[in-house]
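Heads up, the thing below is written out as structure tokens.
So you know, we letter chains A, B, ... as the sequences are listed, proteins then strands, and number each from 1.
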Number of protein chains: 4
Amino acid sequence: MRPENNPVGQNSRSFIETARRAQIVASAIEVIAEHGFAGASLARIAEHAGISKGVISYHFTGKDELMEEVVSQVYADTVRYILARMEGQETATALLRTQIIAGAQHMREHRAQVKALGEIFSNLRLPDGRPRYGVAASEELFQSLEHIYRLGQQSGEFRPFDVRVMAVSHLAAMDNMFAYWSAHPEHDLEAHARELADLFEHAVGARKTRS
Amino acid sequence: MRPENNPVGQNSRSFIETARRAQIVASAIEVIAEHGFAGASLARIAEHAGISKGVISYHFTGKDELMEEVVSQVYADTVRYILARMEGQETATALLRTQIIAGAQHMREHRAQVKALGEIFSNLRLPDGRPRYGVAASEELFQSLEHIYRLGQQSGEFRPFDVRVMAVSHLAAMDNMFAYWSAHPEHDLEAHARELADLFEHAVGARKTRS
Amino acid sequence: MRPENNPVGQNSRSFIETARRAQIVASAIEVIAEHGFAGASLARIAEHAGISKGVISYHFTGKDELMEEVVSQVYADTVRYILARMEGQETATALLRTQIIAGAQHMREHRAQVKALGEIFSNLRLPDGRPRYGVAASEELFQSLEHIYRLGQQSGEFRPFDVRVMAVSHLAAMDNMFAYWSAHPEHDLEAHARELADLFEHAVGARKTRS
Amino acid sequence: MRPENNPVGQNSRSFIETARRAQIVASAIEVIAEHGFAGASLARIAEHAGISKGVISYHFTGKDELMEEVVSQVYADTVRYILARMEGQETATALLRTQIIAGAQHMREHRAQVKALGEIFSNLRLPDGRPRYGVAASEELFQSLEHIYRLGQQSGEFRPFDVRVMAVSHLAAMDNMFAYWSAHPEHDLEAHARELADLFEHAVGARKTRS
DNA sequence: TATGAATGAGTTTTCATTCAT
DNA sequence: GATGAATGAAAACTCATTCAT
């Protein structure tokens, strides 16, 4: 019986448990990235990890918990990666460019994670059939992008525009940059990112572009 | 046994056959739009259409052929709809705006089709497990958008930029405009489309915007 | 897709469907009687019937529906059998004896059914874990037995006593007569039934025993 | 490796071992009583006892041995309880009444044990699929009841009747008194027991009933 | 002694597909 | 042409049991 809830201040999981969960999550990411959400059966994930099917059931309540664990790990990683690189940027324009460039770097380095995240976002459903993560799940990301856009509008760097539309389009463009690169591995991701940064810089009507 | 390939000069499908296929395709669209790709079993599609499961198997080689039929019908409709509205536009800027605005109109009027198309695009796989329609499937759309962008660059309306990146981002922004509106039905789709048109007009550095 | 609800006045199930359901129910009865409730997996029931597992799923919503169908068929049979033999009896004493003797006859002739019924009654549970048929499920039987006892009390044949306790004990004694006979097939069921009839005749303090 | 068979003259189990087994048996009783035989997984029993699943496997050869241990403990308790109260009774009629009344008291005080016993009796199976405890398992009880009945017949208190049928019915009536009370907790168990005593007193044709 | 971890057999259920009528 | 019926593979999940530490 794996302990589910335990007293505050105690590490909830043993070292080995943490390692196994991480291993399973990693295997799930790779399998989803390669075979898609529907192709990622527990059997395949277990086989890919070189363990028995039962191990997954032992460490996770069910497939849903595994998927949610993948999401929360990848999501946290991604946000941390990008925010770290945005630190210290002062102008909204710089923040904007950095967000895009750093996002592309992250995608290159974590190709499978990003792909798996996308698959889960658009396929995982609640027991009642409604999407588990809808576009609504991106709300947090939208808001952090809107923050940048509003900053630029307040400082006068950016023209007036609807920040929500800009954020939605921004996220969409980044997701598809990744998808396009996944489908065309010879495509130059860095160049794409720079072009995209230019695109949004113009879109926001930035008064001064990078020197 | 239904004849699959038949002599030239004969209409390949009878009237009744065509009608049945259309009925099944329509049912498939609605079911996919409501329940998602994974939730769209043949049983559900048949039930929704008020016919027996066997009919689908009779008229289609298999589920895959049905899905591909959905794609080709919806795809053709969409292109026809938007191209019709773009006819007569003279400047690249006008073409660009029209493409976006008309696309939004089409989405509003064909909500289920658009949603089903997206589901199939991102979920249907070849027997070997590779995606049936990757981003690569959008190649045709990319090229038609690139055509507009190149036109603008040649006429001097647009600044220089990588047309492929612009096209990928353009399509992404439109797809997600739809997804966002689907998740937030109270969202003003027309306003979003106008904002998006402004966004790309600025992004391409259009010399003269609409007044 | 099997039709679930259909217009009034139409036979709901085709001939073949009815036959298959009956065949599956019969197989289920035999398997439960032999292997017990827990040993009656769908796989075993299907194998015993010489059909594929899927057939059961095709004709029944799930295992629960099959079990409930077994109950309702066997239950109806049993009640019909015994009531038919009780018809025409005039005194409460005669009704009482007949109920017991006819019950024993029915058990002998429908050994597996009775056993299966008992297994399902004491093992089938609702999704939430509560028993599907508790002792409460015997309420109907209790009442029909109480009817006999009250008749005897009103006619002065029987002494005063708590009819519910008498009915509960009566049913218990019959169930266990069957169970005992099942475990000791050489046991004389008819003689047991006659003894049991005597037992209850004395228990109710019958003024005049059978001539 | 826990020693299974050990030299004569040694206490076969250490104090701690005995305590653990008792704790596990107690937990098993409660879980079976609440969730039924099928719902009593080792995992649930361990969790309920606040120990790890492995402990059960360590102290018992397997689930079957645990179940048999439950049976033998509860059975011994029950017999001891009732026999103690029957001591000193002189007439067969008094013994009969006492057996029933004391049985009811025991049920009230050991509700979970009685329920668990019933569940195990009717569900536990040998590896080959045959019931581990059939009605045959009650042989000992039958004989002790028959002893009372024969006593009454020899002393002339009771009429002639088949003592085995009387014993089987007696035990059945008591089991179901408990089951009925379990399903209807507001039911008056003591009153039921008194009625049952009257029932059997009349059934045996007792010459002098209690005033 | 005790435990967490792992295993693999077995359960129900879903589903695309095939086929006789 | 259309349908009901049947199939069997694959899915997620449960569970008693085993084992190294």
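Listed pair C:R20 / F:dA5 fails the phosphate criterion, with no side-chain N or O lying under 4.0 Å from OP1 or OP2. Under 4.0 angstrom from either OP1 or OP2 of F:dG4 there lies no side-chain N or O belonging to C:H59.
The distance between atom CD of D:E65 and atom P of F:dA16, rounded to the nearest whole Å, is 15 Å. Summarising the geometry, the separation between CD on A:E47 and P on F:dA11 is reported as 11 Å, rounded to the nearest angstrom. The interatomic distance linking D:I45 (CD1) with F:dT17 (P) rounds to 11 Å, in whole Å. Atoms CZ (A:R21) and P (E:dG4) sit 16 Å apart, rounded to a whole Å. Straight-line distance from the CD1 atom of B:I24 to the P atom of F:dA2: 8 Å, rounded to whole Å. When the C1' atom of E:dA2 is taken as reference, atom CD of D:Q23 falls 12 Å away, rounded to whole Å. Atom NE2 of A:H35 and atom C1' of F:dA10 are 15 Å apart (whole Å). Put simply, CZ on A:R125 is 19 Å from C1' on F:dA12, counting in whole angstrom units.
The existence of a salt bridge linking D:E69 and D:R20 is excluded, since no basic side-chain nitrogen approaches an acidic carboxylate oxygen closer than 4.0 Å. In summary, C:R130 and D:E34 do not engage in a salt bridge, as defined by a charged side-chain N under 4.0 Å from a carboxylate O.
When both pairing distances are held under 3.5 Å, F:dA20 makes a Watson-Crick or G-U pair with E:dT3.
Between A:S52 and D:V55, the residue anchored nearer the 5' end of DNA chain E, judged by the nucleotide with its closest heavy atom, is D:V55.
D:S27 contributes no side-chain N or O that, together with a main-chain N or O of D:Q23, makes up a donor-acceptor pair within less than 3.5 Å.
In this structure, A:K63 satisfies the cation-pi test against A:F37, with its NZ or CZ atom closer than 6.0 Å to the six-membered ring centre and inside 45 degrees of the ring normal. By the 6.0 Å and 45° rule, B:K115 does not stack over the aromatic ring of B:F121.
Residues satisfying the salt bridge (charged side-chain N to carboxylate O under 4.0 Å, His left out) criterion with B:E68, sequence neighbours excluded, are B:R132.
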Would you list the protein and nucleotides 12-15 of chain E atom pairs, both N or O, that sit under 3.5 Å from each other?
{"from": "E:dT12", "atom 1": "OP1", "to": "C:K63", "atom 2": "NZ", "distance (Å)": "2.7"}
{"from": "E:dT12", "atom 1": "OP2", "to": "C:L42", "atom 2": "N", "distance (Å)": "3.0"}
{"from": "E:dT13", "atom 1": "OP2", "to": "C:K63", "atom 2": "N", "distance (Å)": "2.9"}

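If you check every strand for non-hydrogen atoms under 4.0 Å, D:I56 touches nothing.
Taking all atoms of both residues into account, the shortest heavy-atom contact from B:V25 to B:Q73 is CG1-OE1, 3.7 Å.
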